[in-house]
Amino acid sequence: MSTDTEARTGRAARFDPASYEQRWRERWEADELYRAHDGDPREKHYLLTMYPYPSGDLHIGHWYAATGPDIVARMRRMQGLNVMFPMGFDSFGLPAENAAIDRGIHPARWTSANIDRMRQQFRTMGCMFDWSREVVTSDPAYYRWTQWLFLQLYGAGLAYRAMAPVDWCPKDQVVLAREQVEGADRHCWRCGTPVVKRDLEQWFFRITSYADELLDFSGLDWPEPIRLMQTNWIGRSEGAEIDFPVEADGVAPIRVFTTRPDTIFGATFMVLAPEHPAVAVLTTPDRRADVEAYVAAARRETEIERMNTERDKTGVFIGAHAVNPMTQERIPIWIADYVLPGYGTGAIMAVPAHDERDYAFATRFDLPIRYVVLPPDGAAPEGEAFVAHTADEVLVESGEFSGMQAADAIGAITRQLTDLGLGSGAVTYKIRDWLVSRQRYWGAPIPIVYCPEHGAQPVPESELPVLLPPDVDFAPTGVSPLQSNAEFLSASCPVCGAAARRETDTMDTFVDSAWYFLRYCSPHDDDRAWDPAAVREWMPVDLYTGGAEHAVLHLMYARFMTKALRDLGHVAFGEPFVALRNQGQILGADHQRMSKSRGNVVNPDDLTSRYGSDTVRLFLMFIGPWDQGGPWNPTGIEGLHRFLGRVWHAAEADLGDRAPWIQPIVVPGMPPPQSLAGEVPGSGGPSAEEVVATGEEMSRALRRATHTTIAAVAEEYSAFRFNTAIARLMELTNAISGARELGLAGTDAYAEAVDTLLLLLAPAAPHITEELWARRGHPYSIHRQPWPSADPALVEADTLELPVQVDGKLRDRLVVTRDTPAAEIERLALASEHVRRYLGGKPPRRVIQVPGKLINVVTQR
RNA sequence: GCCGGAGUGGCGAAAUGGCAGACGCGGCCGGCUUAAACCCGGCGGCUCCGCGAGGAGCGUGGGGGUUCGAAUCCCUCCUCCGGCACCA
């Protein structure tokens, strides 16, 4: 139409994001629009998105992850909450050190250059981060408090040093936490190299003390899959520990853990982990050679071989026997690598009849198999283990317990063993303590010194931070590069002042991120890790967003740390994140994870310079459900750019000459725009000739579209359904365009529709909405406007279109007024020619009406 | 093997017991234009019948079930993605 031509030829302002996006960002920053202030009387809302590792450049995944919570943050602000939405950098870690090794750039320089670049890139997104609260974990002003935290845990016995077989990455030359070893082939989470076991003296955090509490998610609004992953990782098993006496003088009984004490009468042999301390004591001289060979082989094996469930069971008899405490039977003791040293007691009573692994082992080595728990019909299974699945199984050949149901026998047998002093009920977990020491330079030094006289001693708090010396040798040697700096190494004992050696391991970067959300509350406090008043005001985090890949890493560590700090009296709550939402992952176009080495990383800069930030933000939020992610495919970004062009056009169309009220419009032969179709009483369908609508009716239809959208969008944003929220905004925009075609530009209904559209779109597309808000003469800033509220009276249409089904298949539609009684609707439906055709003259068997939804006529089939 | 999530037009998707395919991309037709791009309007699951208006049947990974009615709930199988994996 004519206005389109004007826009094209430049009489009206053109849609040109480059002309305003940067300008508004500078203004927002200058005005500190997004600063969260302590002590604001409004209700606080702490919204947090996982801070990134400063790897170099922001990629499209960062934009994807950040835009969702930014939309919610902006909406919450408009809804009147005092929003804190901070950002920072998880800046310690291996890549910085690898840059030093590979290219000779000091990690500190590499990191800070990357941070500078990424900070700039973040700014072009127009996210409402409060940069005044930025934390950088490699800054001494931050890691000083990470070290303080270590000392708190150490003082409470929650940090300890122990010799332990640990997972070692031969490529990165560093110890890994159990959570950092992935996949069936047990590879390093960072470089993919298969890990090996090593015995090393390492620092641990006692996360196992919190195993039970970590299983409790009550009161948390977290995605079910994440809760399940943590639950499975913690791996709580209930059962019993039982002592099996051994036939050897002066040797303590061997304690086993089992979840099936009811099967003890079927325990026909015992298996120890090759690493079990009793092996050396119990092995008989004639078996010693075989046993030692097996133990040595097991130690040499990589985790891959050992954990391979496919391969045949291996093991050797050690020559000794134990006694089954219930049957008094002599049973042989074997060692086998399918028994793991770190779980339970590292020893099992083998019940081949009722455990698949034991069954495979017994079959392989010809050991006796005795079924003692049978299904109710007594049918003994053949050629396989019978693992109980229901409560109905009954015990046989189990002495006084024979005939008892298995579920009851578990308790009864455990009680008797307890009474006899041979065992007790016990709970075991898969989760291991958190290994936090790393033989690396670029991390927070562990604040411990070793005195020849007094052993490991904590560095006094007054001497924190233990600073990283800039001058070290970065070549990976398996020991921390800090050992190459003599000055760093030498310390004095805090107890006696004698010359002491400084701990040279640094902390896992997940320690840094286990408390950063607390630091955001008072990021500039130099006297303490956080200001208790600020933490009281802001914590806990109301809504946390990030990737699901941190389910058993960061998210569990942060929960542990918070609980430990609570028990130490430093915070008053035990859960850091009340609600959690996970974004999906944006994969490369090749459906693989984006990585520099694959060369499939998408840089958003090209897109933003071409389309502007708003278009990129909208596109990312529109491609699908936010928690789903998917492979990168920029096809369709044009559509979002066009959408913003239509918004621009819609908002410009009623500027200038404000048209007076438009008189009733009759457009013969012109079908109504889709937004108005079906809204016209009596139209009964899209027959163009009949369309006659008054201006009043059309503006009411537009207002209905406006208020319906208000009601929908807040709900969609809150639920992180940005794709459908944007679709609703597109529909409103289309309705506005349709209204403009019919001459409604300049009316109050039109202005209301456009202003509402801008307000609802503002969280998702902050720049264009600010620009148009200003052009329309409204006061700065749109981001400080109250969120619109829907008028329920305007949402309700006075006519309804009801689908009429016959036997569940759509056959006709009825247009009725909202207050039409059900009997009348039924009469109209049955009178329908289409319905009558299917009834074939007979009365319907049933008529089902869902008020306001549909009507279904059931025939006498 | 175990535990999650998913499978819908040419494509991204929407609909979580009530009109399948909203919204967008691509495509086709038309308008604007000397022309093209931009922009605007229209069409749009498949098959069949009809010149047409229209009508009939089929259709949400496969098969079965519950229901007046199923993409949605139940059973079963297949495929893909994520997590765990000899945890006694």
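Chain naming here is simple, since letters A, B, ... match the order of the sequence lines and numbering starts at 1 in each. All heavy atoms count here, side chains included; hydrogens, waters and symmetry mates do not.
Side-chain to base pairing of Lys313(A) with C86(B): one donor and one acceptor N or O lie within less than 3.5 Å of each other. Residue side chain Arg813(A) reaches the base of C19(B) through a donor-acceptor N/O pair under 3.5 Å, judged by distance alone.
At least one side-chain nitrogen or oxygen of Asn723(A) sits closer than 4.0 Å to the OP1 or OP2 atom of A14(B). Of the side-chain N and O atoms in Thr724(A), none sit less than 4.0 angstrom from OP1 or OP2 of C23(B). Not one side-chain nitrogen or oxygen of Arg837(A) sits closer than 4.0 Å to the OP1 or OP2 atom of G55(B).
With C86(B), A85(B), G24(B) as the candidates, the nucleotide lying closest to the side chain of Leu340(A) is C86(B). Of the candidates C86(B), C23(B), A13(B), the closest approach to any side-chain atom of Met730(A) belongs to C23(B). Nearest nucleotide to the Phe622(A) side chain, out of G12(B), A22(B), A88(B): G12(B). Of all nucleotides listed (G57(B), C25(B), G83(B)), G83(B) comes nearest to the side chain of Met229(A).
Pair assignment for C28(B): G42(B), on the basis of Watson-Crick or G-U wobble contacts that are both within less than 3.5 Å.
Across all strands shown, Tyr838(A) has heavy atoms under 4.0 Å from sugar-phosphate atoms exclusively, and none from any base.
A donor-acceptor contact closer than 3.5 angstrom is absent between the side chains of Trp222(A) and Gln230(A).
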